[in-house]
Protein chains: 2
Amino acid sequence: MADVGDDERIALLRFVERFALVLREAGMAPMPARVLAYALADDADRYTAGDLARGLGVSPAAISGAVRQLVQVGLLVREREPGTRSDLYVLDDRDLWSRFMTAELASLHRFEEAVAGGLEVLGTERPGGRRLAETRDFMAFLHQELTDALARWPAERDRLAGERDGAPVPR
Amino acid sequence: MADVGDDERIALLRFVERFALVLREAGMAPMPARVLAYALADDADRYTAGDLARGLGVSPAAISGAVRQLVQVGLLVREREPGTRSDLYVLDDRDLWSRFMTAELASLHRFEEAVAGGLEVLGTERPGGRRLAETRDFMAFLHQELTDALARWPAERDRLAGERDGAPVPR
DNA sequence: CACAACCTTCACGAAGTTGTGAACATCTAT
DNA sequence: ATAGATGTTCACAACTTCGTGAAGGTTGTG
């Protein structure tokens, strides 16, 4: 029996599946979603590919592809400790969600490009073109708002952390 | 030959596919994505299911499921003109993207619920729990920011429209 | 009242995706 | 140098999902 009990391990995996499901609904592939959820919720700071495979109970091959994708979008960082023969994957939790949102912003940028392409073809005079123009405006607006919000997050996070530690929630 | 030319029709369908692809990457199913893109970019205000089927060159069966989903999430409104035997589907473009974002906010809410469930099991003391807590904070922060931004959009849209019509782009 | 048009539902064939198992490459310790 | 272990790549099998075609239900028309 593990130090925290097998029940907790099962509960952890249950949560991983649940959270991964939400991530999948948001467009992420199943295995990367599981790996991200697991690395987030389990207690270790760094994971080898083997840790992830054993922890999730899946084949090493599945991990390989998943971490590659996660590293590519910047949600996971690959590290290498000298004198060891395995890569370490680190969830940089201080900036994790900023990174996540940055990826979302890239997706938003693809939206804007697609709409701009449509506008070139359709013009802005006809009803369809006008709708497209408004769509472009909204995307640009949202892009700016999200960028601003993202810039505000670090301060907000520190404020929340300070509240917890220093002045135990005014209420 | 149609009044706007077949070339434009082809260009329209090409745009529809391109834009639908982006929507799919954002998590939308293929056929609803196509229908939404088509209803947005084509010039009609209202479409019957048959219009959509012929316009997109797909079977009526595919339209049926697609519009049901779109109506369910509020992106399309079903109307019925008295004395006609077909439903009309309307893209309420004035509020379209607000509706779209509202749906996104619902997705964000599922995130928050999933994380809250995990926190109940894991607690906030262990490293994994702390990461989860920060995740929850970020989600709540983002939820608030998006809600605020959404409230600002109508005014911003009117400002942009006024700029275009009244004072022809200062520059 | 019967007909015709339109939309919906259902089951099927097809296409794309996912994760596994086995072989291969890389690297460390003996 | 050899052996052992770890991570990666490739091809395959299982699964899920998608869109079509045919049948059924409903509504307005002749």
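Quick note on labels: first sequence line is chain A, next is B, and so on, each numbered from 1.
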Problem - Selected nucleotide, minimal atom distance to B:Y89 side chain, candidates C:dT20, C:dG19, C:dT8 - result: C:dT8
Practice task
In plain terms, say whether B:R9 and B:D42 are close enough for a salt bridge, that is, a side-chain N and a carboxylate O under 4.0 Å apart.
Solution key: yes
Practice task
Check the distance between C:dG19's P and A:I63's CD1 and give it to me in whole angstrom.
Solution key: 10 Å
Exercise for the section: Kindly say whether A:R126 contributes a backbone atom to a donor-acceptor pair with the side chain of B:D43 at under 3.5 angstrom? Expected result: no
Problem - Ring center gap for B:F111 and A:F19 short of 6.0 angstrom - result: yes
Problem - Contact under 4.0 Å: B:R78 side-chain N or O vs C:dT8 OP1/OP2 - result: yes
Handout entry: Criterion side-chain contact (heavy atoms from CB on, under 4.5 Å) on B:R131 and A:D45, from CA distance to verdict
Key = CA-CA 10 Å; B:R131 282 194 286 263; A:D45 278 345; 3.6 Å; yes
Handout entry: Validation row: B:L146, A:L142 side chains within 4.5 angstrom (heavy atoms)
Key = yes
Exercise for the section: In whole angstrom, give the distance that lies between atom CG of B:L21 and atom P of C:dG16. Expected result: 13 Å
Handout entry: Between C:dA5 (P) and B:D51 (CG): distance, integer Å
Key = 17 Å
Practice task
Please list, in 5' to 3' order, the outermost nucleotides of DNA chain D lying under 4.0 Å from any heavy atom of chain A.
Solution key: D:dT6 to D:dT9
Problem - Which residue lies more 5' along DNA chain D, comparing A:R24 with A:R54 via nearest heavy atoms - result: A:R54
Handout entry: Listed once per pair and sorted, the side chain to side chain donor-acceptor pair (under 3.5 Å) pairs that draw on residues 68-79 of chain B, sequence neighbours left out
Key = B:R78-B:Y89
Practice task
Take atom CG of A:L88 and atom P of C:dC27, then tell me their distance rounded to the nearest Å.
Solution key: 16 Å
Practice task
May I ask you to verify if any side-chain N or O of B:R68 is less than 4.0 angstrom from the OP1 or OP2 atom of C:dC7?
Solution key: no
